[in-house]
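Okay, so here's the structure we're looking at.
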Amino acid sequence: MNLTPDSKVIIQGLRDSDPSLKVALNMKAYSTNIVACVSAGRGGEIIHQIPVYDLVEQAQAAVGPVDTSVILVHPYDVLDAALEAIDAGIRQLVIVTEGMPPLDMVRLVRKAEATETLVVGPNCPGIIVPGKLLLGTHPPQFYTPGSIGLISRSSTLTYEVAQALTDAKLGQSLSVCIGSDLIVGSSFIQWLQILDEDDHTDAIVLVGEIGGSSEEEAASYIAETIDKPVVAYITGLHAPKAQLISHASTIITSKFTQDLHPGTAQSKISVFEKAKIPVASSPSQIPELLKKCLKKTRSHK
């Protein structure tokens, strides 16, 4: 994974008269190294000093190997754009687009696994390394550089938690929202592993929500594998009990979730508590729990 200020980034789907332009300009203003944009039929143009190419391979021939593609195309064009980027050798994809067809995403996940490509999204604000790099739509004003890793499924809740951390003078090493569509490209477990191995991260915040089984699986993985302190927050405690979200709402694989109603906020909270992972009752409580965990960790060194 290459997430540094020098990382070469392209944007697939940039237009000079739609929201994608604002995304690109915000990324560029944050000093993200956007070296090219790909938009079929518009090759040869320059949009705000960003050269435009018809194909990803044409962009790479001009600017050299690219680390990441941020994909902003129409939902039904995402698969083609992603496969084009993978075939060109790009191994980090951020799909901001919402509503990608599930079967397209199944094909993309299979391709990504076969090529060891990291896919974030779809339907997500992407990744931010505060003070260094923005890949997507995170509002930078909520973030400050530091040593807390943040992983979330919810876009706006990610920003709220980041603001709570910033207000408590707990800067962030990296913040990633893995996406809110039915099928997403990367998991809590993948990002927990990345942050556990990251020298710039001292502790991790995991923000989950109702539906699916990803939080339960993450809790099991944390208990068995992760050495760094982790604090969890699960939203949706007061959602209607009959309403389950996501394609996998009734599938629970974690050993911690036997006899629990799958997918509810309370069932997920119970799993984390059984795994002895602190769970915040609100975003504002996360900094307090983090400071306790960090103090305990430092006292044991």
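The first residue of the sequence shown is numbered 1, and numbering continues consecutively from there. All values below come from the heavy atoms of this structure, side chains included, with hydrogens, waters and symmetry mates left out. All values reported here derive from a predicted model rather than from experimental measurement.
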*asked:* Taking the basic N atoms (NZ, or NE/NH1/NH2) and the acidic carboxylate oxygens, is any pair closer than 4.0 Å for E45 and R42?
replied: yes
*asked:* Check this for me, if you would: do K132 and D6 make a salt bridge, where the nitrogen-to-carboxylate-oxygen distance has to be below 4.0 angstrom?
replied: no
Check whether any side-chain N or O of [X] sits under 3.5 Å from a backbone N or O of [Y] as a donor-acceptor pair, and report yes or no.
X: D104; Y: L79; value: no
X: T115; Y: K111; value: yes
X: S7; Y: T4; value: yes
X: H74; Y: Y76; value: yes
X: Q58; Y: L55; value: yes
X: T166; Y: F142; value: yes
X: N33; Y: P5; value: no
X: Q163; Y: Y159; value: no
X: E84; Y: D80; value: no

How about [X] and [Y]: do any of their side-chain heavy atoms sit closer than 4.5 Å?
X: Y30; Y: I128; answer: yes
X: V176; Y: V120; answer: yes
X: C293; Y: P278; answer: yes
X: I90; Y: T117; answer: no
X: P122; Y: T97; answer: no
X: L3; Y: L135; answer: yes
X: M105; Y: L182; answer: no
X: S282; Y: Q285; answer: yes

Among [options], whose side chain to side chain contact (heavy atoms under 4.5 Å, CB included) with [X] holds?
X: N2; options: R91, Q92, K8; value: Q92
X: V161; options: V207, T235, V231; value: V207
X: Y143; options: T158, V129, L165; value: T158

*Could you check E215 against R153 for salt bridge (Lys or Arg N to Asp or Glu O under 4.0 Å), going step by step and ending with a plain yes or no?*
CA-CA 10 Å; E215 289 81 4; R153 284 173 62 189; 2.7 Å; yes
Under a 4.5 Å side-chain heavy-atom rule over Ile, Leu, Val, Met, Phe, Trp and Tyr, are [X] and [Y] clustered together?
X: W191; Y: Y233; answer: no
X: L93; Y: V63; answer: yes
X: L206; Y: L150; answer: no
X: L192; Y: V205; answer: no
X: I286; Y: L174; answer: no

Ignoring hydrogens, what is the shortest heavy-atom contact between [X] and [Y]? Give both atom names and the distance.
X: C124; Y: C177; answer: CB-O, 3.4 Å
X: S173; Y: T201; answer: OG-OG1, 2.7 Å
X: K28; Y: I34; answer: N-CD1, 3.9 Å
X: I204; Y: D196; answer: CD1-N, 4.2 Å
X: I95; Y: V119; answer: CD1-CG1, 3.8 Å
X: K268; Y: E209; answer: CE-O, 3.2 Å

How many angstroms lie between atom [atom1] of [X] and atom [atom2] of [Y], to the nearest 0.5 angstrom?
X: I183; Y: N123; atom1: CD1; atom2: CG; result: 13.0 Å
X: D167; Y: S284; atom1: CG; atom2: OG; result: 10.5 Å
X: L25; Y: I47; atom1: CG; atom2: CD1; result: 9.5 Å
X: I71; Y: M100; atom1: CD1; atom2: CE; result: 8.0 Å
X: I269; Y: Q266; atom1: CD1; atom2: CD; result: 5.0 Å

[X]-[Y] side chain donor-acceptor pair, cut-off 3.5 Å:
X: S267; Y: S270; answer: no
X: Q190; Y: S186; answer: no
X: Q172; Y: S147; answer: no
X: Q12; Y: S69; answer: yes
X: S154; Y: S152; answer: no

Over 12 foreign heavy atoms within 6.0 Å of [atom1], [X]:
X: E57; atom1: CD; result: no
X: E98; atom1: CD; result: no
X: E116; atom1: CD; result: no

*Given L133 and I127, is the side-chain contact (heavy atoms from CB on, under 4.5 Å) satisfied, shown in steps?*
CA-CA 8 Å; L133 181 72; I127 303 169; 5.9 Å; no
_Pair L157, E160 - check side-chain contact (heavy atoms from CB on, under 4.5 Å), show working._
CA-CA 5 Å; L157 192 55; E160 184 177 352; 3.5 Å; yes
*When you look at L72 and V23, which way does the side-chain contact (heavy atoms from CB on, under 4.5 Å) test go after all the steps?*
CA-CA 9 Å; L72 304 171; V23 174; 4.2 Å; yes
_Working for side-chain contact (heavy atoms from CB on, under 4.5 Å), residues L14 and V52_ = CA-CA 9 Å; L14 181 62; V52 182; 5.5 Å; no
